[in-house]
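One structure below.
Quick caveat, the model's predicted, so the values are computed rather than measured. Just so you know, ligand 1 is whichever comes first in the structure, and atom 1 is the first atom listed for that ligand. When reading the values below, keep in mind they use all heavy atoms of this one structure, side chains included, and skip hydrogens, waters and symmetry mates.
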Amino acid sequence: MSSPTMNDRPVPRPNVLAIDPYVPGKSGAPGASKIYKLSSNETPLGASPRAIEAFSTLASKLELYPDGSVKRLRAALGKRFGLDPDRIVCGNGSDDLLHLLSLAYVGPGDEGIFTTHGFLVYKIAILSAGGTPVVAPEKNLTADVDAILACVTPRTKIVYLANPNNPTGTYIPFEEVKRLHAGLPKNVILVLDGAYAEYVRRNDYAEGIELVATNENVVMTRTFSKIFGLANLRLGWMYAPASICDAINRIRGPFNVNGAALEAGIAAVEDVAHVEGAIDHNEKWLPWLTKEISALGLEVTPSVANFVLVHFNKASGVSANDADAFLTARGIIVRAVGAYGLPDYLRITVGTEEANRLLVEGLRDYVAEAHRG
Ligand SMILES: *Cc1c(COP(=O)(O)O)cnc(C)c1O
């Protein structure tokens with residue numbers, strides 16, 4: 001007679017079941033005639049027409065393996081950003097690279113640091129590698145360098161910082177990033193996640209290229225999912241010291257970037273005008289949304305990215321849950337961020353002019369109803 005034991009079926013490593021699966025933004029609104037998806041920070045302008053054309057050339061070559069070294073894409077990135085292509089590694093989305101960094105450098109007993117409202121993938125990456133996540137408190141929904149440094153122990157192996165951060169939209173100046181780096185031991189990797197870097201228009205901001213170029217322990221990750229409009233293809237890249245590129249190249253999937261992503265990515269990088277158009281659009285509508293939503297009496301966290309974080313203060317009779325449901329009924333999909341420890345907030349992506357106007361109208365009607373009710 002045997003009683004059920006741990007050996008009756010395969011059991012994952014201890015940390016695996018401690019992971020809360022990543023919950024993506026909603027994409028549907030049953031009953032609504034038209035959907036405005038403002039929940040995943042996708043660009044309202046779509047992909048570059050040149051990228052779409054490059055993508056379509058792959059249709060007749062689906063049986064062929066892609067170039068596992070993604071040589072032409074790394075060359076295109078190197079040219080556009082002035083970087084050595086040998087120090088670029090591409091991934092199946094930047095999520096892929098964020099995971100691989102923990103997998104290569106963080107093991108059981110090791111710690112990885114991120115901030116209170118940091119991007120959720122960091123915690124998942126650290127846990128899946130077997131490491132222990134450590135959360136550094138923020139100040140005013142913004143990363144706090146002293147708090148991060150105070151979390152460092154001899155077990156710390158990696159620090160993930162999204163700058164600007166998702167879902168808060170806040171950033172820290174490059175001087176602060178440098179101060180963070182200067183305070184870290186040389187064996188700790190500082191990952192600067194620049195998913196929204198292209199959107200930032202601040203003189204005191206930098207993506208961190210200079211830090212990567214001059215140190216052995218700084219990595220910058222970037223994505224094609226946001227301003228480049230290729231989220232569906234899954235493509236990201238990192239610029240890193242040679243030794244880190246070498247480690248990641250050993251453990252990544254040999255064909256982790258598919259051929260369609262490779263071709264579309266090259267075309268997207270080369271279409272500078274399309275990216276500038278997206279920046280212009282954001283420059284116009286980010287301040288507009290901030291002003292209009294604030295005028296409704298809702299607090300908007302100042303954002304430098306392509307989304308805003310809106311506070312639905314329960315004390316003033318409004319609720320993020322109710323507003324979410326109200327907007328969804330009109331086909332406007334926004335992002336609940338309870339999983340980020342922000343149950344009273346909604347994250348809203350800058351959309352097309354039509355979507356932005358409908359969003360503000362929807363929020364205005366919601367606030368009026370909440371105050372009547
Ligand atoms: C959207 C986002 C990414 C990009 O993820 P991909 O896997 O490249 O689509 C990375 N970091 C942050 C903070 C993001 O918001």
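With no hydrogens or angles considered, a side-chain donor-acceptor pair links T115 and E138 at under 3.5 Å. For N306 and H281, the side-chain atoms include no donor-acceptor pair closer than 3.5 Å. For the residue pair N258 / R234, no side-chain donor-acceptor distance below 3.5 Å is found, with atom types taken as modelled. For the residue pair S294 and E299, no side-chain donor N or O sits within less than 3.5 Å of a side-chain acceptor on the partner.
Contacts with ligand 1 closer than 4.0 Å are made by side-chain heavy atoms of D193 only, the backbone lying farther away. Using a 4.0 Å cut-off between heavy atoms, Y196 contacts ligand 1 through its side chain alone, with no backbone atom that close. Here S94 has heavy atoms under 4.0 Å from ligand 1 in both its backbone and its side chain.
Between atom CD1 of residue I113 and atom OH of residue Y122 there is a gap of 14.0 Å, rounded to the nearest 0.5 Å.
Numbered from 1 in the order shown, with element, the atoms of ligand 1 that lie under 4.0 Å from a heavy atom of A195 read 2 (C), 3 (C), 10 (C), 11 (N), 12 (C), 14 (C). Interface atoms of ligand 1 facing N166, defined by a heavy-atom separation under 4.0 Å, are 13 (C), 14 (C), 15 (O). In summary, the atoms of ligand 1 found under 4.0 Å from a heavy atom of K226, numbered by their order in the structure, are 1 (C), 2 (C), 3 (C), 4 (C), 14 (C), 15 (O).
Distance from atom 9 (O) of ligand 1 to its nearest protein heavy atom, with residue and atom name: S225 OG, 2.6 Å.
Close N/O approach between R234 and ligand 1 is found [any backbone or side-chain N/O within under 3.5 Å].
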Q: Would you please test V159 and V191 for side chain to side chain contact (heavy atoms under 4.5 Å, CB included) and show each step?
A: CA-CA 6 Å; V159 175; V191 180; over 6 Å; no
